[in-house]
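If you read the sequence from its start, that first residue is 1, and numbering goes on from there.
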Amino acid sequence: MINLKEVTTAIGELEEEKVLKMLHDFIATNPSEEEAHKVVAACQEGMAVVGDMFESGEYFVGDLIFAGELLTEAIDTLKPAIGSGASTKAGTIVLGTVHGDLHDIGKNIFKSMSEAAGFEIVDLGIDVPVQAFIDKIKEVNPDIVGMSGVLTLALESMKDTLDSLKEAGVRDSVKIIIGGNPVTKEACDHIGADAFTTNAAEGVKMVQAWVKG
C-alpha cells in the first residue's frame with residue numbers, strides 16, 4: 001500500500017515527479033476504489049499544507065496555481081480506480097464559484113472527483129453572476145447545483161444566488177451544496193443550502209447519496 005503521509009508531504013512540497021511516480025506505481029497494483037479515495041484524501045491534505053504555506057507567506061500565488069494543477073494531474077491519474085464502479089451517469093451538477101470570488105482550486109478538485117464518480121459536470125467557471133446559474137439550471141435541468149467560494153464575502157454571494165434561484169422558481173428542482181473555506185453549518189443554514197462541505201471527497205459522497213436516494 002502506498003504511504004499516505006509521503007503523498008501528503010510530496011504534494012505539500014510540490015514535488016511533481018515524486019507524486020506522479022508514487023501514484024502510477026499505486027495504480028499499477030490495481031487498488032480498490034476505497035484505497036484510491038484514501039489517496040485522494042492524502043492529496044487533499046497536501047493541498048491544505050500548500051494553503052498554510054501560502055498564508056504564512058512561504059508560498060506565492062504561482063505555487064498555489066501549480067499545486068492546483070498538480071492535484072488535477074494526481075486525480076486524473078487516480079481516476080481509473082476512483083471511477084471503477086461508475087459506468088452509468090450518476091447525475092448532472094451545475095458548478096461554479098460565486099460572483100465576487102475568483103478561486104477555483106477547490107471547485108476543480110470537486111469537479112474532477114465528481115466526474116470520476118460518474119457525474120456530468122457543467123462548469124460555469126469563476127465569479128459567476130446569479131443570472132448565469134439561473135439560465136443554466138433552466139437549460140440543463142441538473143440534479144444538483146454546487147457553489148464554491150473561498151472568501152468570506154462569498155457567503156453573501158451564495159445567499160444572494162440562492163435567493164434569486166427561489167425568485168426564479170428553480171430552487172426546489174435542485175439540491176444545493178456549497179463548499180469552500182468559510183462555509184460552516186451556520187452559514188449553510190443562513191444561505192439555505194441543502195448541504196455544505198470543506199472537503200471535496202466528502203462533498204462527492206453527499207451528492208452520490210442524493211442521487212441514489
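- You'll find the side chain of L162 reaches within 4.5 Å of the side chain of I176, heavy atoms only.
- Residue V40 is grouped with residue I109 when hydrophobic side chains (ILVMFWY) are merged at heavy-atom distances under 4.5 angstrom, including chains of intermediate members.
- For D76, the salt bridge (charged side-chain N to carboxylate O under 4.0 Å, His left out) partners at least two apart in sequence or on another chain are K79.
- Here the shortest heavy-atom pairing between A81 and P31 reads CB-CG, 4.0 Å.
- Residue L151 is found in a hydrophobic cluster whose other members, listed by chain and number, are L153; membership requires side-chain heavy atoms under 4.5 Å apart, directly or through intermediates.
- Alongside L102, the hydrophobic cluster contains I126 (criterion: ILVMFWY side chains under 4.5 Å).
- A single hydrophobic cluster is seen to contain both I27 and L70, as judged by linkage of ILVMFWY side chains at heavy-atom distances under 4.5 Å, directly or through other members.
- Under a hydrophobic-cluster definition in which Ile, Leu, Val, Met, Phe, Trp and Tyr are linked whenever side-chain heavy atoms come within less than 4.5 Å, directly or via other members, F196 and L165 are assigned to the same cluster.
- Contact between Y59 and F54 at its shortest, heavy atoms only, is O-CD1, 3.4 Å.
- In this view, E34 and S32, K38 satisfy the side chain to side chain contact (heavy atoms under 4.5 Å, CB included) rule, not counting sequence neighbours.
- At least one side-chain heavy atom of F133 sits under 4.5 Å from a side-chain heavy atom of V94.
- Once rounded to the nearest 0.5 Å, the distance linking CG of L95 with CD of E115 reads 9.5 Å.
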Would you list the atom pairs, donor with acceptor, under 3.5 Å between side chains in residues 10-23 and any protein atom, with sequence neighbours excluded?
{"from": "K21", "atom 1": "NZ", "to": "D25", "atom 2": "OD2", "distance (Å)": "2.7"}

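- Residue D160 holds its CG atom at 4.0 Å from NE2 of H99, rounded to the nearest 0.5 Å.
- Residue E156 comes nearest to H190 through the heavy atom pair OE2-NE2, 3.4 Å, listed as atom of the first residue, atom of the second, then distance.
- Annotation: the span from E45 atom CD to N199 atom CG amounts to 9.0 Å, rounded to 0.5 Å.
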Quiz prompt | Verdict with reasoning, E120 to I93, per side chain to side chain contact (heavy atoms under 4.5 Å, CB included) | solution = CA-CA 6 Å; E120 185 179 328; I93 302 175; over 6 Å; no
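- Residues meeting the side chain to side chain contact (heavy atoms under 4.5 Å, CB included) test with A41, sequence neighbours left out: none.
- Contact of the S148 side chain with the I178 side chain is not registered, since no non-hydrogen atoms from C-beta on lie closer than 4.5 Å.
- V98 is connected to V128 through a chain of hydrophobic side-chain contacts under 4.5 Å among Ile, Leu, Val, Met, Phe, Trp and Tyr, so both are in one cluster.
- Partners of D163 under the salt bridge (charged side-chain N to carboxylate O under 4.0 Å, His left out) rule, at least two apart in sequence or in another chain, are K159.
- The shortest heavy-atom contact between T152 and P182 is CA-CB, 4.2 Å.
- Residues in residues 169-178 take part in these side chain to side chain donor-acceptor pair (under 3.5 Å) pairs, two or more places apart or across chains: R171-D194.
- Looking only at side-chain heavy atoms (C-beta outward), F110 and I105 stay at 4.5 Å or farther from each other.
- W210 is not listed as a side-chain neighbour of D143, based on a closest heavy-atom distance of 4.5 Å or more.
- Without hydrogens or angle criteria, S114 side chain to F119 main chain gives no donor-acceptor distance under 3.5 Å.
- Side-chain heavy atoms closer than 4.5 Å link hydrophobic residues (I, L, V, M, F, W, Y) into clusters, and following such links, possibly through other members, connects L4 to L78.
- Evaluation of the side chain to side chain contact (heavy atoms under 4.5 Å, CB included) rule for K5 yields N3 as partners, not counting sequence neighbours.
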Practice problem: May I have the step-by-step check of side chain to side chain contact (heavy atoms under 4.5 Å, CB included) for I144 and V174, ending in yes or no? | Solution: CA-CA 5 Å; I144 294 155; V174 293; over 6 Å; no
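- Looking at residues two or more places apart in sequence or on another chain, you find a side chain to side chain contact (heavy atoms under 4.5 Å, CB included) between V150 and D101, H103, N181.
- Residues that satisfy the salt bridge (charged side-chain N to carboxylate O under 4.0 Å, His left out) test with D123, not counting sequence neighbours, are K107, K111.
- With rounding to the nearest 0.5 Å, the separation of CD1 in I2 from OG1 in T29 is 8.0 Å.
- Side-chain contact check for D63 versus M53: every heavy-atom pair is 4.5 Å or farther apart.
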Exercise. Please report the C-alpha distance between E202 and M206 in whole Å, then the side-chain angles of each, then the deciding distance to 0.1 Å, and finally whether the side chain to side chain contact (heavy atoms under 4.5 Å, CB included) criterion is met.
Key: CA-CA 6 Å; E202 182 185 73; M206 290 176 182; 3.9 Å; yes
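- Between F66 and V50 there is no side-chain heavy-atom pair separated by less than 4.5 Å.
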Self-check item: V183 vs T198, side chain to side chain contact (heavy atoms under 4.5 Å, CB included): CA-CA, chis, key distance, verdict
Solution: CA-CA 7 Å; V183 298; T198 52; 3.9 Å; yes
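- Two residues are said to be in side-chain contact when any heavy atoms from C-beta on lie closer than 4.5 Å; H37 and E33 meet this criterion.
- Under the side chain to side chain donor-acceptor pair (under 3.5 Å) criterion, T92 pairs with K89, sequence neighbours left out.
- The residues E139 and K136 are annotated as salt-bridged, a charged nitrogen and a carboxylate oxygen being separated by less than 4.0 angstrom.
- F26 CZ to T77 OG1: the interatomic distance, rounded to the nearest 0.5 Å, is 11.5 Å.
- For the atom pair SG (C43) and CD1 (I75), the distance works out to 6.5 Å, reported to the nearest 0.5 Å.
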